[in-house]
Amino acid sequence: MSQNQLKDLSRLCVHTITTKPWCIEEAALNYATNGIKGITVWRDALAGRNIRQTGQMLRDHDLSIVSLCRGGFFPNSDPAKRKLALDDNHRAINEAADLGTKLIVLVCGSDPSQSLEDSRRQIQDGIAALIPEASAAGVKLAIEPLHPMYADSRSAINTLAQANDMTEALNSQWVGVAVDVYHLWWDPNLEKEIARCGRNDALLAFHVCDWKTPTSDFLNDRGLMGEGCIPIPKIRSWVEAAGFNGFIEVEIFSNDYWKEDQTLFLQKIIKAFKKCV
Ligand code: ZN
């Protein structure tokens, strides 16, 4: 591979969920072989493994471990279940520290049996309770706003403004936001809110994929960059104008792509990253 191609890929991170059919060892080998420098790890990919050794395996492939995905799911009308969720988030912080990553992405959760306001309050309380441990472990927490279609059960945080409000209320260097184009591209306030989290040094992660028309599944029919209607280069320019210069994470949940030969799919990702991001 030429130096130029390597340079082009220096900010590309692939999320293990994108190549779900591969176990983490296969993903690491294939990403590294193709010149990819960053990996985000889905917690399920660590099942049954020694997490410290897995972190070392990734570093041996010269991969930066960009984030662990995911913590969150704080709200529940049942306090006992909220406690279980907090316990799970404590485990996620320990896993992130063992793996050797400095960031956990939070899919914050929502409980359809209560109001969105109650869910948001419980999210904020949950994150606040994690800050001491996150700080001790040196792991930051990124609130990822999700598209409003997920407001019933996956996240009561649906705009970047809401994530920024909560980050500012929590007022901790250990809490920030993740900007995912799939969830936020439609928002007329996006440019303004990206600038706002940049001013607070709170822009911690940038995720890309595309929105297909028609989309057949609101969770698992995400497109490859360039296949849909999201103005990815424009949003990238806002994110970079806000001071973000970290990895750009390709996160594609797709039943169709998971059926493909993953080696060929990875080639498509690299091509799309160079051309459409
Ligand atoms: Zn994301």
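The shown structure was predicted, so the numbers you read here are calculated from the model rather than taken from an experiment. Numbering of ligands and ligand atoms starts at 1, following listing order. When reading the values below, keep in mind they use all heavy atoms of this one structure, side chains included, and skip hydrogens, waters and symmetry mates.
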Distance-minimising heavy-atom pair for Leu190 and Trp185: CD2-CA, 4.2 Å
Where do Asp217 and Asn220 come nearest, in terms of heavy atoms and distance? OD1-N, 2.9 Å
Compute the ring centroids of Trp42 and Phe253, then answer whether they are less than 6.0 Å apart. yes
Do Gln162 and Asn158 have side chains that approach each other closer than 4.5 Å (heavy atoms only, starting at C-beta)? yes
Compare all side-chain heavy atoms of Asp210 with those of Leu224 and state whether any distance is below 4.5 angstrom. no
Restricting to N/O/S atoms, is His207 within less than 2.8 Å of the Zn ion (ligand 1) or not? yes
Would Glu249 count as a contact for the Zn ion (ligand 1), in the sense that one of its N, O or S atoms lies under 2.8 Å from it? no
Considering only N, O or S atoms of [X], the one closest to the Zn ion (ligand 1):
X      : result
Asp180 : OD2
Glu144 : OE2
Glu251 : OE1

